[in-house]
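Single-structure report; data block below.
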Amino acid sequence: MDASGIATDCTPVRYERQGRTGIITVNQPPVNALGQAVRAGLLRALALGQADGEADLLVLLAAGRTFMAGADIREFGQAPLVPFLSDVVAALEASPKPVIAVLHGTALGGGLEVALGCHFRVALPGTRLGLPEVKLGLLPGAGGTQRLPRLVGPAKALEMIVSGDPVTAAAALDIGLVDWLAAEPDPLAAGLAFAKRVRAKGLMPRRTGARGDRIAAVSPLLFSAARDDLARKSPHLFAPHRCVDAVEAACTLPLAEGLKRERELFLACMNSPQRAGLIHSFFAERAVAKVPGLAADATPRPVHRVGVIGAGTMGGGIAMCFANAHIPTVLLDTTQEALDRGLATIRRNYQASVAKGRLRQEEADARLTLIRPSLAYDDLADADLVVEAVFESMDLKKQIFTRLDQVCRPGAILATNTSTLDVDAIAAVTSRPQDVAGLHFFSPANVMRLLEVVRGRETAPDVLATAMDVARRIGKVGVAVGVCYGFVGNRMLHQRAREATALVDEGAAPDQVDRVLTDFGFPMGPFAMGDLAGLDVGWRIREERRKAGDPDTPPPGWLDRLAEQGRYGQKTGAGIYRYEAGSRTPLPDPVTADLIARDRAAKGITPRAVTNQEILERCLYVMVNEAAKILEEGVAARALDVDMIWVHGYGFPPWRGGPLFWADQVGLGTILGTITKFHQASGAKQWQPSPLLERLVRDGHGFASLN
Ligand code: CAA
């Protein structure tokens with residue numbers, strides 16, 4: 001620092017001077033979130049800058065890995081603390097001395113709004129700029145919806161604010177969001193370099209709020225088209241619609257009134273239950289990565305090379321996950337034909353991404369070359385991790401693990417993608433059960449974000465740590481679970497499926513059940529999902545179980561009859577629903593209705609009118625009860641683990657936060673009361689209230705107390 005510089009101690013924001021440039025530095029790790037201390041510090045530092053007679057210009061930057069990544073989300077839902085962010089932005093904009101914001105890392109949400117209040121914006125290479133508030137159920141509430149359209153035009157502003165997706169620094173320059181792309185890798189050097197230019201050109205403060213050229217004479221059609229689009233794509237969501245209202249206000253009202261309107265809309269979002277659900281999802285998604293009780297010294301083992309066994313749909317998708325993360329992968333199967341088929345599917349998937357403009361051809365080619373097909377187990381000798389993804393046969397899996405134990409190097413991790421089988425029994429055939437775990441991917445594996453990481457009885461802590469780390473590297477939400485039939489996700493799904501089928505037996509129509517769940521926010525209901533996954537899968541499993549004399553598997557019913565007729569779902573053009581050629585839209589089918597009617601008659605059931613409320617309660621409360629049993633058994637460690645499994649693997653609406661966050665909102669007393677009523681009426685095992693649920697209600701606690 002210049003010897004004449006003023007250094008203040010108002011951490012986490014410092015003011016100091018270099019030559020004639022006043023420098024305001026925010027230093028609030030890890031992401032410089034704009035909590036109360038930062039906001040107050042910014043106002044103090046700005047006042048010092050104004051009062052500093054030696055400074056003719058101010059540079060605002062942030063220390064560490066990123067510019068300000070937004071408001072401090074932890075403060076949401078509490079009484080607002082002064083100064084408000086909008087006051088900070090207004091003070092920056094009003095500064096008589098030019099203020100330059102230097103952006104690096106991510107300038108998001110409130111961080112970008114602060115930058116919009118500054119008079120010039122400089123971005124370092126690699127910076128991402130965006131207003132992601134909508135993803136938290138909010139809208140930019142510190143003038144972002146009013147200033148961004150004034151700077152980049154309403155169409156681009158709408159796109160950024162309604163999608164919440166960030167833009168690159170280069171794109172930001174193109175649309176006029178930033179003024180200069182710095183070559184300097186250091187924010188301070190970039191700020192000082194740009195300050196020189198401002199001085200050389202004699203530039204004065206340029207106030208975004210005062211601009212009117214980009215928002216003059218905007219067609220109302222822009223907003224009606226945006227509303228139509230939202231009504232089609234996101235009918236359930238609250239915040240995106242309010243975003244459109246706010247940007248429209250920017251184009252129709254003077255700044256002060258537009259800001260007032262933005263405030264009202266922001267508060268409506270802040271008070272909406274969707275905001276609470278989405279923020280729970282935000283923090284829960286990060287919390288699942290930290291496994292309770294996993295020692296801090298459980299260092300992940302290095303994973304540079306991977307093997308995948310089985311080139312079918314699942315194995316191929318898993319191999320793609322590793323190739324996408326640039327990890328060389330051997331894909332093993334027993335016949336050349338199976339390998340060729342598997343690789344052809346992978347190639348087709350990559351080409352589809354290229355055709356949609358999501359992937360460059362060179363990148364697709366590079367990923368494909370990372371997947372090496374093989375017929376020889378010896379090719380797995382130097383793999384650090386092997387994932388077995390063959391069909392669900394315990395005998396076959398045992399054979400494979402015995403072979404892996406012989407060929408894999410000591411310390412290699414052996415994982416199974418089983419969705420139902422006992423990971424401990426598989427581990428027991430090896431001489432190294434401590435190196436065995438489950439990695440349960442969801443189909444399509446290259447798309448679905450959930451990865452259940454199954455910790456066996458003997459799985460070593462560093463093996464679990466490695467699996468969680470691998471999940472992060474391949475872009476998955478890894479959730480640690482214990483061993484039981486179906487683990488967490490499928491075990492709960494199984495309960496829901498049984499209730500859904502029983503509701504139809506009693507009188508509901510499949511499309512009524514599906515509609516109740518899609519109205520709730522699921523992308524599809526259980527029956528449309530059955531048609532998508534293939535009815536033959538469940539049918540074969542039930543047949544096997546009946547042959548084995550399983551008392552829990554009911555005798556064949558209408559679902560089995562459909563499969564017997566070769567109606568497997570979408571892939572055969574008909575299942576529970578019928579599908580018109582080339583369409584995936586499920587249409588109710590009289591053939592199914594007839595089978596259901598005959599099945600009811602055979603069982604002596606007189607159909608009754610089933611209410612939507614009963615459908616919702618039976619399909620969802622049964623999952624809540626099962627989840628409570630899962631928590632009690634320790635198969636899931638926290639309620640938030642269950643929530644993230646359902647949000648990322650089964651389409652539970654993220655704005656409801658997950659099944660257990662949602663259950664807390666409904667009230668556990670209400671849920672337990674209904675569960676008890678169903679249990680009294682049916683005597684069924686699945687409705688036996690979970691003792692944990694009973695205890696929570698007795699103690700007046702929610703599932704949140706288990707996080
Ligand atoms: N407030 C509080 N904490 C935050 C935060 C925020 N805005 N953003 C991130 N964090 C926390 C995370 O919870 C995490 O904490 P732990 O280490 O305790 O788990 C830590 O910072 C690091 O975050 P990530 O693990 O996500 O780190 P990353 O490097 O993978 O990602 C990021 C960094 C891109 C900034 C990502 O954290 C992110 O997207 N953050 C949210 C950005 C956002 O939504 N901003 C808008 C906020 S709303 C707003 O600004 C409203 C308004 O208009 C006034």
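Counting starts at 1 for both ligands and their atoms, in listed order.
Scanning Ala142, Gly109, Pro166, Ala33 for the heavy atom closest to atom 46 (C) of ligand 1 points to Gly109. With distances taken over non-hydrogen atoms, the option nearest atom 39 (O) of ligand 1 out of Leu108, Leu85, Asp72 is Leu108.
Polar contact check, Thr106 against ligand 1: no nitrogen or oxygen pair lies under 3.5 Å apart. Geometrically, ligand 1 and Pro140 share no nitrogen or oxygen pair separated by less than 3.5 Å. Looking at ligand 1, you won't find any N or O of Gly70 less than 3.5 Å from one of its N or O atoms. Residue contacts with ligand 1: Leu139 is placed with no nitrogen or oxygen under 3.5 Å of a nitrogen or oxygen of the ligand (distance criterion only). At least one N or O atom of Arg74, backbone or side chain, sits closer than 3.5 Å to an N or O atom of ligand 1.
Under 4.0 angstrom from ligand 1, the non-hydrogen atoms of Glu113 all belong to its side chain. If you look at Ala71 next to ligand 1, the close heavy atoms, those under 4.0 Å, come from the backbone and the side chain alike.
Annotation: atom 40 (N) of ligand 1 to nearest protein heavy atom, Phe282 CZ, 3.6 Å. Closest protein heavy atom to atom 24 (P) of ligand 1: Arg286 NE, 3.7 Å. What sits closest to atom 20 (C) of ligand 1 on the protein, heavy atoms only, is Pro30 CG, 3.6 Å. For atom 1 (N) of ligand 1, the nearest protein heavy atom (residue, atom name, distance) is Ile73 N, 2.9 Å. In terms of protein heavy-atom proximity, atom 22 (C) of ligand 1 is closest to Arg65 NH2, 3.7 Å. Given atom 8 (N) of ligand 1, the protein heavy atom at minimum distance is Val31 CG2, 3.6 Å. Atom 48 (S) of ligand 1 has as its closest protein heavy atom Glu133 CG, 3.7 Å. For atom 16 (P) of ligand 1, the closest heavy atom belonging to the protein is Lys290 NZ, 3.4 Å.
Ring-plane geometry between Phe442 and His440 is classed as tilted, the angle between the planes lying from 30 to 60 degrees on a 0 to 90 degree scale.
Taking the centre and axis of the six-membered ring of Phe238, the NZ or CZ atom of Arg242 falls inside the cone set by 45° and 6.0 Å. Taking the ring axis of Phe67 as reference, the NZ or CZ atom of Arg128 does not stay both within 45° of it and closer than 6.0 Å to the ring centre. Geometrically, Arg286 engages Phe282 in a cation-pi contact, judged by NZ or CZ lying under 6.0 Å from the ring centre and within 45° of the ring axis.
Atom 35 (C) of ligand 1 lies below 4.0 Å from at least one non-hydrogen atom of the protein. Checking atom 30 (O) of ligand 1 against the protein gives no heavy-atom contact under 4.0 Å.
In this structure, the side chains of Val481 and Arg455 stay at 4.5 Å or more apart for every pair of heavy atoms.
Side-chain polar atoms of Arg367 and Asn324 form a donor-acceptor pair below 3.5 angstrom. Side-chain contact annotation: Glu285 with His280, donor-acceptor N/O pair under 3.5 Å absent.
Proximity of Gly144 to ligand 1 is not established, as no heavy-atom distance is less than 4.0 Å. In this structure, Leu136 counts as a contact residue of ligand 1, since one of its heavy atoms falls inside 4.0 Å of the ligand.
A salt bridge links Arg206 to Asp179: at least one charged side-chain nitrogen sits closer than 4.0 Å to a carboxylate oxygen. Between Arg147 and Glu262 no salt bridge is recorded (no basic side-chain N to carboxylate O distance below 4.0 Å). Note on Glu257 versus Lys260: no salt bridge recorded, every NZ/NE/NH1/NH2 to OD/OE distance being 4.0 Å or above.
Close contacts between ligand 1 and Gly110 involve ligand atoms 49 (C), 50 (O) [criterion: under 4.0 Å to a heavy atom]. Applying the 4.0 Å criterion to heavy atoms of Phe283 picks out, from ligand 1, the atoms 13 (O).
Only one option out of Ile161, Leu139, Leu108, Leu138 pairs with Leu131 in a side-chain contact (heavy atoms from CB on, under 4.5 Å); it is Ile161.
Take Asp213 and apply the side-chain hydrogen bond (donor to acceptor under 3.5 Å, both in side chains) test, not counting sequence neighbours, and it matches Arg211.
Separating the CZ atom in Phe266 from the CG atom in Asn271 is a distance of 9.5 Å, to the nearest 0.5 Å.
Between the Gln146 side chain and the Ala142 main chain, no donor and acceptor come within less than 3.5 Å of each other.
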